[in-house]
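Just below is one structure, and these are the notes that go with it.
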Amino acid sequence: MPELPEVETVKRGLASIVTDRRVEMAGSHPSIKFSPATTVVGARFNGVNRRGKYLLFPLDDGRQLVAHLGMTGQFRPVSEPSSSAHVRAWWRLDDGTILEFRDVRRFGRIAVVQGDDYSSLPTLHALGPEPFDPDFDGLYLWKALRSSSAAIKTQLLSQKVVAGVGNIYADEALWRAHLHPDARRITKAKAEALRIAIINVLKEGIENGGTTLRDYRSVDGSEGSNQHSLDCYGQAGSPCPRCSTVMVRSVIGARATTHCPSCQKR
DNA sequence: CGCAGCGCCTGAAGGC
DNA sequence: TGCCTTCAGGCGCTGC
């Protein structure tokens, strides 16, 4: 489940591979979720950027290739076409590198947009601020959360309040901020604590090269190590690292959720 | 218009 | 051993 730290790690791995390279040939799975990949033949990559969990590849013709890793998406450079059955798109670059997009479960997506017109990608179009941007401050977060009555965890996962937080880092941030994932209204002080928690769990995730639970790999094929630093996600049934109360599993917004019933009050 | 709920996908893991 | 069921889940879309 690639979230911001995983996508950021992939972005950093891709930069030197694609920047200033021209696409000589491309192919894809027939699904519309991947077939736009072939429309960039002839264009040159100006670089690679990230917004939330989306990878943005600006092209020299004014368009952008947009990629979302979904649950199991991976970018891998190879010198010969791989025999992997899960290659959903590939691009042959002008230095001979073949960049493959592999995605076992096909939850990922490749799109091509004109300029920065993201209207064909609703989540990207309505994406909230980057968590490391100065405009993501405590007052903004408090106001943004107040505008909806949905559970706080559901709001974090919506991508509208802040960009890039998925199920793992949402559970981690809420645990750190002592917030119940089903809380509906929080104080300004709690909002500020949550802002700090979000920034720190994401920053540490990046420093650890992302969280590899099963499928996630960086561009060079290596695993992240952040899975060894999780305090909350997936820890239901184990003692809370803070107060030793047994952590509890629940379902919020159809997502598996873990929290500590003792130190995460509503 | 906002939001809840569904469908998309496949492989791993557990039950019998 | 092998078959069947359940689970994982981000996001686009639909319909209330």
Side-chain angles (χ1 to χ4, degrees), chain A residues 1-11 28-36 50-56 66-75 84-89 101-113 117-128 130-131 143-174 181-182 184-185 198 202 205 210-217 223-224 226-227 230 232-237 248-259:
Chain A
M1 50 212 87
E3 307 177 27
L4 188 150
E6 291 74 36
V7 179
E8 177 65 23
T9 303
V10 170
K11 187 206 88 170
S28 80
H29 183 277
S31 164
I32 188 62
K33 294 169 91 178
F34 308 105
S35 59
R50 180 192 57 72
R51 268 290 276 140
K53 305 176 197 171
Y54 291 83
L55 289 164
L56 308 174
V66 180
H68 195 290
L69 301 176
M71 293 292 294
T72 57
Q74 301 180 0
F75 277 98
S84 166
H86 305 304
V87 175
R88 308 306 185 190
F101 180 72
R102 306 179 191 175
D103 184 9
V104 171
R105 290 185 197 177
R106 283 191 261 159
F107 273 32
R109 189 182 180 93
I110 304 290
V112 176
V113 303
D117 175 14
Y118 304 129
S119 52
S120 64
L121 296 151
T123 302
L124 178 57
H125 190 59
L127 197 63
E130 286 294 316
K143 285 182 177 172
L145 291 171
R146 206 174 47 147
S147 67
S148 165
S149 60
I152 191 164
K153 177 171 176 179
T154 301
Q155 292 203 62
L156 292 180
L157 295 182
S158 78
Q159 307 302 304
K160 290 177 182 167
V161 171
V162 61
V165 176
N167 206 27
I168 296 171
Y169 296 97
D171 273 9
E172 292 296 302
L174 290 165
D182 198 36
R184 307 279 162 158
R185 282 271 162 121
I198 289 170
L202 295 176
T211 302
T212 298
L213 295 175
R214 181 181 298 176
D215 298 288
Y216 167 71
R217 296 290 185 283
E223 300 185 1
N226 198 61
Q227 62 276 14
L230 299 177
C232 182
Y233 176 87
Q235 303 302 305
V248 171
R249 182 190 190 278
S250 64
V251 176
I252 293 176
R255 302 289 188 279
T257 299
T258 302
H259 80 282

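Here is the naming used below: chain letters follow the sequence lines, and residue numbers restart at 1 for every chain.
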**Asked** Using a cut-off of 4.0 Å on non-hydrogen atoms, how would the nucleic acid contact of A:S148 be classed: base, sugar-phosphate, or nothing?
**Response** sugar-phosphate

**Asked** Do side-chain atoms of A:E3 reach the backbone of A:Y169 as a donor and acceptor pair under 3.5 angstrom?
**Response** yes

**Request:** Could you tell me the separation between the OH atom of A:Y118 and the C1' atom of C:dG12, rounded to a whole number of Å?
**Result:** 18 Å

**Asked** In whole Å, what is the span from the CD atom of A:Q159 to the P atom of C:dG10?
**Response** 9 Å

**Message:** Tell me the interatomic distance from A:H125, atom NE2, to B:dC1, atom P, rounded to whole angstroms.
**Reply:** 13 Å

**Complete:** Closest of C:dG12, C:dC11, B:dA12 to the A:P122 side chain is C:dG12

**Message:** Side chains of A:L174 and A:T257, heavy atoms from C-beta outward: is any pair under 4.5 Å?
**Reply:** no

**Asked** C:dA8 P sits how many Å from A:Q227 CD, rounded?
**Response** 19 Å

**Message:** Could you check whether A:K153 pairs with A:D171 (Lys NZ or Arg NE/NH1/NH2 to Asp/Glu carboxylate O, under 4.0 Å)?
**Reply:** yes

**Message:** Under 4.0 Å, heavy atoms only, any strand: does A:K33 hit a base, just the sugar-phosphate, or nothing?
**Reply:** nothing

**Message:** Rounded to whole Å, how long is the line connecting atom CG of A:L4 with atom P of C:dG10?
**Reply:** 14 Å

**Request:** Report the nucleotide, chosen from B:dC9, C:dG9, C:dC11, that has the shortest atom-to-atom distance to any side-chain atom of A:N167.
**Result:** C:dG9

**Prompt:** Are A:F107 and the base of C:dC11 stacked, counting only ring centres nearer than 5.5 Å and planes tilted under 30°?
**Reply:** no

**Given C:dG10, B:dT10, C:dG9, the nucleotide with the shortest approach to the side chain of A:L157** = C:dG10

**Value in whole Å for how far the C1' atom of C:dC7 lies from CZ of A:R214** = 9 Å

**Asked** Within the structure, does a side-chain N or O atom of A:T123 lie under 4.0 Å from either OP1 or OP2 of C:dG12?
**Response** yes

**Item:** Atom-to-atom span, NZ of A:K153 to P of C:dG9 - whole angstrom
**Value:** 8 Å

**Request:** Name the nucleic acid region contacted by A:Y233, choosing base, sugar-phosphate or nothing; use a 4.0 angstrom heavy-atom cut-off, strictly under.
**Result:** sugar-phosphate

**Prompt:** Where the side chain of A:R106 is defined as all heavy atoms beyond and including C-beta, which of C:dA8, B:dT10, C:dG12 is the nearest nucleotide?
**Reply:** B:dT10

**Asked** Given atom CE of A:M71 and atom P of B:dA12, what is their separation to the nearest angstrom?
**Response** 14 Å

**Message:** Could you walk me through whether A:R51 and A:E130 satisfy the salt bridge (Lys or Arg N to Asp or Glu O under 4.0 Å) test, starting with their C-alpha distance in whole Å, then the side-chain angles of each, then the deciding distance to 0.1 Å, before giving a yes or no?
**Reply:** CA-CA 7 Å; A:R51 268 290 276 140; A:E130 286 294 316; 3.0 Å; yes

**Request:** Measure the CG-CG distance between A:D215 and A:D103 for me, rounded to the nearest 0.5 Å.
**Result:** 9.0 Å

